[in-house]
Amino acid sequence: MSNVRVRFAPSPTGLLHIGGLRTALYNYLFAKHHGGTFVLRIEDTDQKRYVEEAEKDIITSLNWAGMPFDEGPGKGGDFGPYRQSERSEYYQKYSAQLIQQDQAYYAFDTTEEIEDMRSRLQKSGNPSPKYDAITRMSMKNSLTLPAEEVKKRLESGEKFVVRLKVPRRETIRFEDDIRGFVSFESQGLDDQVLLKSDGLPTYHLANVVDDHLMGITHVIRGEEWLSSAPKHILLYEYLGWEPPRMAHLPLIMSPKGGKLSKRNADALGIPVNVRDYVKQHYEPEALINFLAFLGWSPGDDREVFTMEELIKEFSLDRIGKGGAIFNHSKLIWYNEHFMRKIPEEKLLPKVREQVEEAGYTGYSDEYLKEFIRLMKERASLVTDFVTYGQYFFEEPKVYDEKTVKKAWKPATPTLVDKFRNDIAELDEESFNAVILKQKLSDIVEDEGIGFGKLMQPVRLAVTGMGFGPDLFETLQLLGKKRVVSRLDKAVQVL
RNA sequence: GCCGCGUUCGUCUAGUGGCCUAGGACGCCGCCCUUUCACGGCGGUAGCACGGGUUCAAAUCCCGUACGCGGUACCA
């Protein structure tokens, strides 16, 4: 396929949503797979829902996820401007053309008048009243009003909308690259508003005009658009343009049912905005893999990919048709997987940020890198490092009750004290994991007891917990001074 | 309600008429490794929504039913 051009066209009504990121990802992968262009277009035609920071958030999120766009706001390109609010002239032009061709018309009805019509029809037994080929003949529009009056109303500055003149009986059929042939009867469509009374276009007009003008070859978007696709097909036909290929993606569902929305995700503790994932230090690769596999698969048993591999393997015909439930534990698995592969060096800035946020300052890079090495295998997220490794920065305030009960026996204090005295004699150099282990083994052997009889109490005394990284490496990192004083304290307190 | 789209282990999925006694992954459970916890290794658990066809043969094709989801705005 040559010259593939796709677009991600979010509406700046809030922070970028995880579902939006997946749509962007599939577009990105498709474009790159074909050596094509990935365009970002901002669909800001709804002034009421416009959110100032949204556009910036979308761009930041896309870059964080590793899918920069080739053309778009702030970046430029040959098909700009890339914000719909700056493209009014085009929408005006083409809606005028449609009116001239008698495929669209002016309508002057107020909201109340339309509601009246709907409720009247509903009462007389019509279950789904529409502004359509039949009802439009009894409404106030340029099809029913005398030409003279239409002209007068327009000139006097009266508010109007432009509506698409949907044919009465026509089957609209198109091929979706994911679903195959899909068909709709035009009777089921209403005379869609194309131009709103504020002069701005609705999604339907803007999207068709821009996709054509921007040379978009493939429209890859969420399934929520499938039912309006026939309107778009009609528009392409009337405007004399060849429609792009279309692919409607299955939706991401909430574990509780319904499409994953901010509301139901919040209730389940699932982060829904990309910004949340950034803040919680998820690895972008983890999110990308997770999202890629939510509805797509390479067809074999592989399950961890780099972006390059995803690009190489991606194809629309391997996308499933059914909605996919968001599975947080799988995401966590991906995150653990990637995090463990990242060198300590690279994790350092993130971890330092976490550590310092928790109020522990002044630690050297060396200390933190060793901390990371010890914690990495045990954490799901970078934020877990401090949560489960607090004792690397602060002496334990409490001792885990269960572990105390299990490990701290009457004979324990004497043993711990013995270990304390043995290691207190060690110099800096000798205070290392190997020698520490040897010291502990010696005592255990002398006393003829199990290794754990002493190891667990020492761990408890030093960390306050019953589990954690290798004890001796932990002791080495903490250093003699802290270890000895913690052992002393524990013997007193427990 | 109407229109449209879906439906393989709890979840993500492989499967395009015989290779399916339905494969992989996450989760869960067990074992091994480890004198902690985890990592890792090995194993187990569990599924073709239902009913009719078509065919020598159906998870795969057709038709119904059920269920789910989306749309039904001067929102996208």
Side-chain angles (χ1 to χ4, degrees), chain A residues 9-13 43-46 48-49 84 107 109-111 114 122 126-131 159-163 176 178-180 182-185 187-190 192-204 206-207 221-230 248 250-251 253 255 257-259 290 293-304 317-318 320-334 336-337 340 374-379 388 403 406-407 437 440-441 444 450-456 458-460 463 465-471 474:
Chain A
S11 153
T13 54
E43 309 228 324
D44 53 349
T45 55
D46 186 351
K48 280 166 267 162
R49 296 208 299 156
Q84 292 187 327
D109 318 274
T110 63
T111 322
I114 293 170
Q122 216 146 25
N126 185 337
S128 47
K130 285 180 289 291
Y131 201 120
K159 293 268 188 202
F160 66 89
V161 300
V162 173
R163 282 181 183 273
D176 184 284
I178 293 173
R179 284 151 217 288
V182 181
S183 75
F184 294 82
E185 297 303 320
Q187 299 150 79
L189 308 178
D190 59 6
Q192 186 62 53
V193 169
L194 263 18
L195 222 49
K196 298 181 278 191
S197 58
D198 63 4
L200 293 176
T202 57
Y203 171 86
H204 309 283
N207 147 76
R221 76 229 300 187
E223 194 187 346
E224 70 266 31
W225 293 111
L226 187 56
S227 349
S228 38
H248 290 92
L251 265 16
M253 313 298 285
K259 84 171 163 179
F290 171 70
F293 280 80
L294 207 54
W296 173 85
S297 98
D300 54 38
D301 288 348
R302 289 172 300 164
E303 56 206 350
V304 179
D317 55 25
R318 297 215 55 88
K321 301 186 210 318
I325 297 176
F326 188 98
N327 181 193
H328 196 64
S329 63
K330 185 100 176 218
L331 205 208
I332 291 292
W333 177 78
Y334 271 115
E336 291 167 342
H337 181 89
R340 278 164 198 150
L374 295 178
M375 295 305 291
K376 215 163 67 163
E377 302 289 298
R378 274 153 264 263
Y388 298 122
T403 314
K406 224 174 105 185
K437 185 170 183 182
L440 194 137
S441 302
V444 162
F451 196 84
K453 285 272 189 296
L454 182 51
M455 191 197 90
Q456 279 299 73
V458 172
R459 176 187 295 285
L460 176 69
T463 71
M465 305 206 229
F467 60 91
D470 181 80
L471 177 63
T474 303

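So you know, we letter chains A, B, ... as the sequences are listed, proteins then strands, and number each from 1. All values below were derived from every heavy atom in this structure, side-chain atoms included, with hydrogens, water molecules and symmetry-related copies excluded. Quick caveat, the model's predicted, so the values are computed rather than measured.
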Within the structure shown, what part of the strands sits under 4.0 Å from [X] by heavy-atom distance: base, sugar-phosphate, or nothing?
X        : answer
A:Asn207 : nothing
A:Met465 : nothing
A:Gly320 : nothing
A:Phe184 : sugar-phosphate
A:Ser11  : sugar-phosphate

Go ahead and name the base partner of B:U65; Watson-Crick or wobble counts if both distances stay under 3.5 Å, otherwise write none.
B:A49
Under a 3.5 Å cut-off for both distances, is B:G71 Watson-Crick or wobble paired, and to whom?
B:C2
Polar pair under 3.5 Å, donor/acceptor by atom type, side chain A:Arg179, base B:C5:
no
What about A:Ser197: does its side chain form a donor-acceptor pair under 3.5 Å with the base of B:C74?
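Answer is yes: a donor-acceptor pair is held.
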Between A:Ala324 and A:Pro201, just flag the one whose closest nucleotide in RNA chain B comes earlier from the 5' side.
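On the 5' side of the pair lies A:Ala324.
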Could you check A:Thr111 against A:Gly299 and say which one's nearest nucleotide on RNA chain B is further toward the 5' end?
A:Gly299
With the stacking rule set at 5.5 Å and 30°, tell me whether A:Phe451 counts as stacking on B:U35.
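It does: the two rings, one from A:Phe451 and one from B:U35, meet the stacking criterion.
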State whether the side chain of A:Arg459 and the backbone N or O of A:Asp470 hold a donor-acceptor pair below 3.5 Å, judged by distance alone.
no
So does A:Trp296 get a backbone contact from the side chain of A:Arg318, meaning a donor-acceptor N/O pair under 3.5 Å?
no
Look at A:Lys196 and B:A76 and indicate whether a side-chain polar atom (N or O) is within less than 4.0 Å of OP1 or OP2.
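So the side-chain polar atoms of A:Lys196 do come within 4.0 Å of the phosphate oxygens OP1 or OP2 of B:A76, strictly under.
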